[in-house]
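A short worksheet on the structure shown next.
Being a predicted model, the structure only gives us computed values, none of them experimental. In this chain, residues are counted from 1 in sequence order.
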Amino acid sequence: MGEVQKYIHPLTIEAKLFVDNMNKICATRDYFILDPQLVEALENVMTTINDFIEKANTEIVPTAKTQLIEMGKLHKLQRIYHCGQCKADLGTRASKVALHLAEDCKLKGNVNETLTKDAREELKKQRKERAEKRKEQRLTKAVALKKKARLFLATDPITAFTQLSTAVQIGEKLKCIPDYAAIENDLLEQIKPLFPNQAIKIYKFGSRMSGIGTRDSDLDLFIDIGDTFKVYQNRANDATLAKLKKVKQVLINHKKSWKGLVAVEKARVPILKVIHGPTSIECDMNFSNSLGFINTNLMEYIYGLQPTARVLCIYMKRWLQLIGMKNDFNTYSINLMVIFYLQTLEHLPPIAKLFEDVNMETALVIGPWLGTFTSKNLQALKIKYLDTGKLFDLIEGFFKFYLEFDYNRNVICPYQGSVISKKDLHTCMPERYLNFVANNKDLEIELNKPLVVQDPIQLNHNVTKGIVDFTLKVFVEFMSKSRQIVLQFKRQ
């Protein structure tokens, strides 16, 4: 038997120290007061934690070869404070640090003290330039197009179209294969005894169901236990987590059918990631988000309305994989970016237009969100058919469009189908959105992110809120290099 590896996340240590220190400070009533700085600091802590939980999409579980270091071993750890200005050691108490700062610590031998104002400014400028240079070096290192990506971008149109046509055929076949029935039957057989008095229905969604999946794609499942399809949860409640934990345990107990289970319980939409043994298909199961099923229906409609949109989505999905960014941008995010780009060229309608003639008395409503749309054809929408012969112009145009896009000011908004500024977005939203967020600003879409791609169904959801500044810069740089290759090939 191999050596057992021990593991502890650095943030586990930081979180433990933070809680311990906060409990020590709060042990005396003297500190049960609030001030603007403290409120802002605590809000930043909560925001940072929420952002981390949203982006942390995997979970390490103990195995025979990996053990988590016991929390009990952290009790002897203490944080020791040291002032970087006056070089004083301040011990382990934050209250002493506060007193030290309140008394305005004096610099001891600090070089900056002896410099003139101009010299200090010059030193500050040099430090900033060095920091920017390090960022550029890091970006250059991160953005290196691999050989497979370069070959993919430079593939001649006939070969590329043949490959993409094959991918479309595979995607269409994967929408309905016998394996799905086997997965559903195994799930129902094991879940039904857990909830004998509740109706259970399984909804399949995601890229496999919309027609752009591959044989390696996950199968997304919404497991409706107790007729909850129309119930909207901005974040999963305790009842949903209890269902997930019950199902998790029964799947663990059926090791022949279900393998490699990972539970992601802290996310906004908690999921169970597990491989169905008999079919070798990885399944992502959730118990609280039926909107994914609605989104998939919308994608499928768009691909049927304008087939070139599907081909372009498949191309961009493959491009993301080859540049190594498929874990940063999920398939749904890049699909919405493709759809929005085509909307700005008037090849696709604004999603809002599909809601115009919906009968609200019979419409499917999930919380505040509308799940019914009209399936109008191109003639009714007054849109021309987009020939696939223009695919490579569209590829180059996609890169150009998003290279010139002002991410700081604007929103990628498929709902409106046109460029909307962040400051004006709320004025363009329907009444259902405005009513939903009216009494709780925390429910508004997060616009203070480097990249804002609005979900056209769940309008308060920025599907790319996990993208940080550096990741966006890498993405833009990859588009720049990719466009250069596409342009060079077009000139030949």
Check your understanding: Under 4.5 Å between any side-chain heavy atoms of Ile457 and Leu370, yes or no?
Key -> no
Exercise for review: Over 60° means perpendicular and under 30° means parallel, so classify the ring planes of Tyr341 and Phe401, tilted if in between.
Suggested key: tilted
Could you list the donor-acceptor pairs under 3.5 angstrom formed by side chains in residues 193-206, with sequence neighbours left out?
none

Check your understanding: Can you say whether the rings of Phe229 and Phe222 are parallel (under 30°), tilted (30 to 60°) or perpendicular (over 60°)?
Key -> perpendicular
Check your understanding: Should the pair Glu404-Lys400 be classified as a salt bridge under the 4.0 Å nitrogen-to-oxygen rule?
Key -> yes
**Study point:** From CA spacing to verdict: salt bridge (charged side-chain N to carboxylate O under 4.0 Å, His left out), Arg310, Glu172
**Key:** CA-CA 11 Å; Arg310 171 155 68 162; Glu172 194 62 30; 2.9 Å; yes
Review point. Is there a side-chain contact between Leu153 and Arg150, using heavy atoms and a 4.5 Å cut-off?
Key: no
**Study point:** Interatomic spacing from CZ in Arg318 to CZ in Phe152 - rounded to 0.5 Å
**Key:** 6.5 Å
Point to revise | salt_bridge(Glu346, Lys384) N-O dist < 4.0 Å | key: no
Practice item. Look at Arg208 together with Asp220 and state whether they make a salt bridge at an N to O cut-off of under 4.0 Å. Key: no
Exercise for review: Could you tell me whether the side chains of Tyr407 and Asp469 share a donor-acceptor contact shorter than 3.5 Å?
Suggested key: no
Check your understanding: If you measure only the distance, is there a donor-acceptor pair under 3.5 Å linking the side chains of Tyr232 and Gln458?
Key -> yes
Practice item. Kindly assign one of parallel, tilted or perpendicular to the pair Phe405 and Phe340, based on the angle between their ring planes and the thresholds 30° and 60°. Key: perpendicular
Revision key, fill the gap. Phe475 meets the ring-ring contact (aromatic ring centres under 6.0 Å, His included) criterion, sequence neighbours left out, with Trp319, Phe329
Revision key, fill the gap. Here the pair of heavy atoms bringing Thr308 nearest to Leu386 is OG1-O, 2.7 Å
